[in-house]
Amino acid sequence: MTAITKTSMKDQVYQIIKEKIFSLEYDFGDTINISALSNELGVSNTPIREALSRLEVEGLVTSTLNSKVQVIDITEDLYKDIDHTFFSIISGCYTTCYLEDRIEYLLELMENAILAQERALKEKEYMNYAFKAIEFDRCFVAATGNDYLLNTFDTKSPILYLLTRYTHQHPEPNREFNLSEHQQILDAVRKNNFMGAQKLIYIHYDKHFEY
């Protein structure tokens, strides 16, 4: 049984369920049995329902009128919608950085993110690699200096992590390809190739869900 410490029970329950989803212990479309989870964690249903409500805001679970809670069931259309949503955010943030002379700061963030990805890949820390991959995308938002926009990205990024984690459970070349795409985007931004970078960002997000 997973132990609950005295520090913020509801936050711990949230982190435990989220980890189960991120590690794919709960697969896409799986129903989360609240009673079973309550027994496993040794807590009441209340913090579990609070955690699930928070996860629903992040887009990781869905609930029905009869209180059935499931991990999101990814379809090709939903996968495409999620990718296009994040493409629009990243593309728009890059445009802002370009117009507001924030490219040098953006490059600094991107270079650090690439180094972190390379370390995680070298050390075979694959779950951590997925986080670092999203940190690269986050650079474009952080570089705008818009805290509201950054908070919006952070609130919605867990679903992007889940898709990244799913993709990266496949053979290692997927991670290497992801890193290569990031390096190409970095090179285009560094060369001040605005349209080239935009096209690479679009290609990066124009992926298909592998069942």
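You'll find the side chain of N192 reaches within 4.5 Å of the side chain of Y98, heavy atoms only. The shortest distance between side-chain heavy atoms of Q117 and I114 falls below 4.5 Å. Contact annotation: the side chain of Q70 never approaches that of D30 to less than 4.5 Å [non-hydrogen atoms, C-beta and beyond].
When atom types are taken as modelled, the side chain of N33 and the backbone of A36 share a donor-acceptor pair closer than 3.5 angstrom. Put simply, the side chain of S180 never gets that close to the backbone of E176: no donor and acceptor are under 3.5 Å apart. Side-chain atoms of S38 come within 3.5 Å of backbone atoms of V43 as a donor-acceptor pair (strictly under, hydrogens ignored). In this structure, S157 contributes its side chain and L160 its backbone to no donor-acceptor pair below 3.5 Å.
A single hydrophobic cluster is not seen to contain both L115 and L179; linkage of ILVMFWY side chains at heavy-atom distances under 4.5 Å, directly or through other members, places them apart. L60 and I16 fall within a single hydrophobic cluster, where Ile, Leu, Val, Met, Phe, Trp and Tyr side chains are chained together by heavy-atom contacts under 4.5 Å. I90 and L109 fall into different hydrophobic clusters, defined by Ile, Leu, Val, Met, Phe, Trp and Tyr side-chain heavy atoms under 4.5 Å apart, directly or through other members. Connection of I21 to Y79 is established within a shared hydrophobic cluster, with ILVMFWY side chains joined at heavy-atom distances below 4.5 Å, either directly or through further cluster members. Hydrophobic cluster membership differs between Y105 and L99, with clusters built from Ile, Leu, Val, Met, Phe, Trp and Tyr side chains linked at under 4.5 angstrom.
Qualifying side chain to side chain donor-acceptor pair (under 3.5 Å) partners for E108, counting only residues two or more places apart in sequence or in other chains: none. Shown here are the ring pair (Phe, Tyr, Trp, His ring centres under 6.0 Å) partners of Y14, two or more places apart in sequence or in another chain: there are none. The side chain to side chain contact (heavy atoms under 4.5 Å, CB included) check on T64 picks up N66, K68, with sequence neighbours excluded.
The line from CD1 of I72 to OG1 of T62 is 8.5 Å long, rounded to the nearest 0.5 Å. Between L41 atom CG and Q12 atom CD the span is 10.0 Å, to the nearest 0.5 Å. Rounded to the nearest 0.5 angstrom, M110 CE and D187 CG are separated by 9.0 Å. For the atom pair F28 CZ and D73 CG, the distance stands at 9.0 Å (nearest 0.5 Å). With rounding to the nearest 0.5 angstrom, the CG atom of L24 is 10.0 Å from the CD atom of E19. S63 OG to L52 CG: the interatomic distance, rounded to the nearest 0.5 Å, is 9.0 Å.
The number of heavy-atom neighbours closer than 6.0 Å to CG of D101, taken from other residues, nucleotides and ligands shown, is 12 or below.
Nearest heavy-atom pair across I82 and L163 is CG2-CD1, 3.7 Å. F140 and C97 get closest at one heavy-atom pair: O-SG, 3.9 Å. Contact detail for A51 and I17: the closest heavy-atom pair is CB-CD1, 4.0 Å. Residues P47 and M9 share a closest heavy-atom pair of CG-SD, 4.2 Å. In plain terms, the two heavy atoms of A113 and F136 that are nearest each other are CB-CA, 3.8 Å. Taking every heavy atom of both residues into account, K156 and V57 meet most closely at NZ-O, 3.0 Å.
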- Task: Please step through side chain to side chain contact (heavy atoms under 4.5 Å, CB included) for the pair V71 and I32, ending with a clear verdict.
- Result: CA-CA 7 Å; V71 179; I32 297 178; 4.2 Å; yes

- For side-chain hydrogen bond (donor to acceptor under 3.5 Å, both in side chains), just list the numbers for N128 and E123, CA-CA rounded to whole Å, side-chain angles, deciding distance to a tenth of an Å, and then say yes or no. CA-CA 10 Å; N128 187 40; E123 295 169 7; over 6 Å; no

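In the model, Q183 has a side-chain atom that pairs as donor or acceptor with a side-chain atom of E118 under 3.5 Å. Side-chain contact, E135 with N112: no donor N or O sits under 3.5 Å from an acceptor N or O.
Electrostatic pairing of K132 and E125 does not count as a salt bridge here, judged by no charged N lying under 4.0 Å from a carboxylate O. Comment: K80 does not engage D77 in a salt bridge, judged by the lack of any side-chain N to carboxylate O separation of less than 4.0 angstrom.
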Hey, can you pull the donor-acceptor pairs under 3.5 Å for the side chains in residues 146-154, sequence neighbours left out?
from : atom 1 : to   : atom 2 : distance (Å)
N146 : OD1    : Y148 : N      : 3.1
N146 : OD1    : L149 : N      : 2.9
T152 : OG1    : Y148 : O      : 3.0
D154 : OD1    : R138 : NE     : 2.8
D154 : OD2    : R138 : NH2    : 3.0

Please output the side-chain donor-acceptor pairs of residues 196-205 that fall under 3.5 Å, not counting sequence neighbours, one pair per line with the distance.
from : atom 1 : to   : atom 2 : distance (Å)
Q198 : OE1    : S91  : OG     : 2.7
Q198 : NE2    : S91  : O      : 3.4
Q198 : NE2    : S91  : OG     : 3.4
Q198 : NE2    : T95  : OG1    : 3.0
H204 : ND1    : E181 : OE1    : 2.5
H204 : NE2    : H182 : NE2    : 3.1
Y205 : OH     : D137 : OD2    : 2.9

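Residue pairs satisfying the salt bridge (Lys or Arg N to Asp or Glu O under 4.0 Å) criterion with at least one member in residues 50-59, sequence neighbours excluded, are listed as follows: D11-R54, K18-E58.
Tested against Y161 for a ring-ring contact (aromatic ring centres under 6.0 Å, His included), the candidates Y129, F86, F131 yield a single pass: F131.
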